[in-house]
Amino acid sequence: WWDNLPKEDYKLVLEKQVLHLLLDFYFFILLFLSEALMLVRLFLIFLMTFLVVISNVLVEIPINRWLTWGALVYPFTYLVTELTNRFYGPAKARQLVYCGFFIAIIVSFLVTTERIAVASAVAFLISQLLDISIFNRFRKAAWWLAPTLASSLATFPSEPFSLHSK
């Protein structure tokens, strides 16, 4: 049946299959989350996915020569990760990052260029996992120290990837 489709319909069929895969993945997540925290975790996964995808779209819209709108939205992913780390621990924060990464990379390939999607994926994993580690190390210090150090230091290793995505 694939060979009988007009060329314009290939992308539509592929997008439908990807959306079905995403829905299946969300249902998979639903089955394995505890009922009490299910809605909170689903919201966090959705929020993380939304922030990454919208950042990937907005990175193509410059504010000036060296700054894009995506750079203003992306830091909120650190806030989501750090709040998850603070309230649910580093294991749940890593689960959030992996789920958000998996869904966001698929959607990013559909809405942005391959170069932006790949660079974003690499930068996202490196920076978010580093953020979780640094935050967890300093979580018992002053309330402001862990998020400040984690967010600040986690951005540096991912900068080369985000610069090459433009």
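Predicted model only: the values in this text are computed from it and were never measured. Values reported hereafter were calculated over all heavy atoms of this structure, with side chains retained and with hydrogens, waters and symmetry mates removed.
Between Phe50 and Phe46, the ring planes lie parallel to each other; the angle is under 30°, not in the 30° to 60° tilted range.
Between Leu125 atom CG and Leu130 atom CG the span is 12.0 Å, to the nearest 0.5 Å. Distance check: Leu47 CG to Leu79 CG gives 8.5 Å after rounding to the nearest 0.5 Å. Taken from OG in Ser108 to CZ in Phe124, the straight-line distance is 10.0 Å, to the nearest 0.5 Å.
Residues Leu42 and Ile106 share a single hydrophobic cluster, defined by chaining ILVMFWY side chains whose heavy atoms lie under 4.5 Å apart.
Listed for the Ser151 side chain is no donor-acceptor partner under 3.5 Å among the backbone atoms of Thr148. Remark: the backbone N or O of Tyr74 is paired with a side-chain donor or acceptor of Ser55 at under 3.5 angstrom.
Between the side chains of Thr112 and Glu60, no donor-acceptor pair is found at a separation under 3.5 Å. If you check the side chains of Asp131 and Thr81, you find no donor sitting under 3.5 Å from an acceptor.
Remark: Phe43 CZ is loosely packed, at most 12 non-hydrogen atoms of other residues, nucleotides or ligands lying under 6.0 Å away.
For residues 90-121, the set of pairs meeting the ring-ring contact (aromatic ring centres under 6.0 Å, His included) definition, not counting sequence neighbours, comprises Phe25-Phe102.
The two residues Ile134 and Leu153 come nearest to each other via the heavy atoms CD1-CB, 3.6 Å.
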